[in-house]
Amino acid sequence: MMAVRLQEIRAKVFDIRHTFESAQPLTFYAYYDYADRVLTYPSSKGLVTAVFNGSSGNCRIVAHSSGTLSAKEEITSRFRLRDDMKKIYRRISTDKFVRAAIKEYYGMRLTRNDPWETTMCFIVSQLNNVKRITMIMHNIINVLGSPIMDDTGVMAGRGFPNCESLANATEKKLMACGAGFRAKYLVQAAEFCTNNIELDKLKCRSYGKIKEQLMEIPGIGDKVADCIALMGYGKLEAFPIDVWIKRTLENMYFNGKPKKIEELHEFAEERFGDLAGYAEQYIYVYGRHMRP
DNA sequence: ACCCAGGCGGGCG
DNA sequence: CGCCCGCATGGG
């Protein structure tokens, strides 16, 4: 029996529950036990497990992972624990509404995710709900994912299938996973990425360039491209505008008057600048919480 | 039975 | 261009 190497991380202004409930890619394929506070998820290099303890924004994390991966670095990066939340809150607290959202969801972080996984997650998300998105992602992983071994060589789970695997999967197989009309987009996007573009190589590009490239991929439009830029590439200036954000912005800032997506992008950029993505995530969860 | 869900692509005026 | 429609499917 091999000794499991545990690593400890301490973080301020971090709430795993708020983060996990905020409908980011992790929500769709990780497993979080609310009673035991244990999070388990497959990453590209192995299976990661972490236990979260703490309250009022102070968090103590004990993590370990299979393979060569450093659990500490993985968790720190995945949950953006190097971000200075106090500073971010100061910057985006432009009004009462955002301040209330921060108070309600204090410690919620944006997460960093693999660009390809994020792409699939948000194609699946269109005209869909979180519960079903989660179900579909799990099905895709179980049917097409590659095995991940634990330290003793036993299969502990499956990792997200790469774009070649999905390009070779049939639309029918993805329909069987519950993807519905999005199955076609998933296969087309996988084929496109296999043949025309290497998503990891976009990491060093600017937000604008990344969004432009992503929108070349079939099944990806303005909103999904911004989600991928934000949560897959960590571009904090991205501001995805879905029906909820649109409705909330119109209600909170425009007296309920309908606005075009383009106008709302300009509004967000001007108001929240290069931290618009954080503002969006707080407005999103709070807007849904306040459901009209 | 109906309506909705973190949109997108295609077709039409 | 801008607008409108269909798209699969499970849960309220």
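From a predicted model like this one, the values you see are computed outputs, not experimental measurements. Lettering of chains follows the sequences in order, A, B, ..., and the numbering in each one begins at 1.
Taking the P atom of each, C:dC5 and B:dC3 are spaced 15 Å apart, rounded to whole Å. Here, C:dA8 and B:dG11 have their P atoms 15 Å apart, quoted to the whole Å.
As judged by a 4.0 angstrom heavy-atom cut-off over every strand, A:Gln281 is placed among the base-contacting residues. When heavy atoms are screened at a 4.0 angstrom cut-off, A:Ile220 is found touching the sugar-phosphate backbone but no base atom. Note on A:Gln188: nothing from the nucleic acid sits closer than 4.0 angstrom, heavy atoms only. Among the atoms of the strands shown, only primed sugar atoms or phosphate atoms (P, OP1, OP2) are found under 4.0 Å from some heavy atom of A:Met175.
Where A:Met215 and A:Met231 meet DNA chain B, the nucleotide closest to each residue was compared, and A:Met231 sits on the side nearer the 5' end. Residues A:Gln126 and A:Lys131 both approach DNA chain C. Their nearest nucleotides, taken by heavy-atom distance, put A:Gln126 toward the 5′ side. Ranked by how close their nearest DNA chain B nucleotide is to the 5' end, A:Ser22 and A:Gly219 are led by A:Ser22.
Each of A:Lys86, A:Lys87, A:Arg80 was scored for a salt bridge (charged side-chain N to carboxylate O under 4.0 Å, His left out) with A:Asp83, with one residue passing: A:Arg80.
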query = Checking salt bridge (charged side-chain N to carboxylate O under 4.0 Å, His left out) for the pair A:Glu171/A:Lys173: CA distance, chi angles, key distance, verdict?
reply = CA-CA 5 Å; A:Glu171 199 180 311; A:Lys173 198 174 268 185; over 6 Å; no

request  = Could you walk me through whether A:Glu250 and A:Lys257 pass the salt bridge (charged side-chain N to carboxylate O under 4.0 Å, His left out) test, one step at a time?
outcome  = CA-CA 6 Å; A:Glu250 286 164 353; A:Lys257 248 178 68 182; over 6 Å; no

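To the nearest angstrom, P of B:dG9 lies 13 Å from NZ of A:Lys223. Summarising the geometry, the separation between OH on A:Tyr284 and P on B:dG6 is reported as 5 Å, rounded to the nearest angstrom. Remark: P of B:dC4 and CZ of A:Arg288 are 14 Å apart, rounded to the nearest angstrom.
No donor-acceptor pair under 3.5 Å is formed between the side chain of A:Arg37 and the backbone N or O of A:Asn53.
A sub-4.0 Å separation between OP1 or OP2 of C:dG11 and a side-chain N or O of A:Arg132 is absent.
Of the candidates B:dA5, C:dA8, B:dC8, the closest approach to any side-chain atom of A:Trp244 belongs to B:dA5.
Two rings, from A:Tyr282 and A:Tyr105, have their centers 6.0 Å or more apart.
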